[in-house]
Amino acid sequence: RFRHSNLDTPPLPRSPAMEVSLRSTSDVPEEAIVSIRMGSVRRQAPLSTGKPFRFPKDALSDNLLKVDILRRVGTGYVVLKPNEKSYKVV
């Protein structure tokens with residue numbers, strides 16, 4: 001049985017974040033998507049946002065940072081329907 005309590009509890013401590021920023025993007029198309037993987041954590045964003053990628057500090061478990069520059073080849077939409085087993089991307 002669960003009982004509601006009005007006790008103030010301190011927030012759980014968060015591990016400090018690590019920020020990764022791209023310093024130069026002169027040879028990368030502005031419409032590119034940047035994908036960065038640190039340990040098992042992946043962050044993706046359009047290059048044009050210019051914002052840093054934030055990772056939990058403990059994500060850098062194997063001292064490896066992988067950076068992929070992606071280009072959109074196409075876009076499709078799928079309308080999900082109950083009890084449907086297969087879909088066609090249009």
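The distance from atom CD1 of I69 to atom OG1 of T25, rounded to the nearest 0.5 Å, is 9.0 Å.
Contact check for Y87 versus V79: no side-chain heavy atoms found under the 4.5 Å cut-off.
At a threshold of 4.5 Å between side-chain heavy atoms, the hydrophobic network of Ile, Leu, Val, Met, Phe, Trp and Tyr places I33 and I36 in two separate groups. Under the 4.5 Å side-chain heavy-atom criterion for Ile, Leu, Val, Met, Phe, Trp and Tyr, L70 and V34 are members of distinct hydrophobic clusters.
Considering only residues two or more places apart in sequence or on other chains, R71 meets the side chain to side chain contact (heavy atoms under 4.5 Å, CB included) condition with none of them. Annotation: side chain to side chain contact (heavy atoms under 4.5 Å, CB included) contacts of E31 (sequence neighbours excluded): P29.
Under a 4.5 Å side-chain heavy-atom criterion applied to ILVMFWY residues, the cluster that includes V73 comprises that residue alone.
Listed by first and then second residue, the salt bridge (Lys or Arg N to Asp or Glu O under 4.0 Å) pairs that reach into residues 20-30 come to none, sequence neighbours excluded. The salt bridge (Lys or Arg N to Asp or Glu O under 4.0 Å) contacts involving residues 78-87 comprise nothing, where partners must be two or more places apart or lie in separate chains.
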Atom pairs and distances, side-chain donor-acceptor, residues 38-55, under 3.5 Å, sequence neighbours left out:
unit_1	atom_1	unit_2	atom_2	d
R42	NH1	S35	OG	2.7
R43	NE	R54	O	2.9
Q44	OE1	S35	OG	3.4
T49	OG1	P46	O	3.0
R54	NE	E19	OE2	2.8
R54	NH2	E19	OE2	3.1

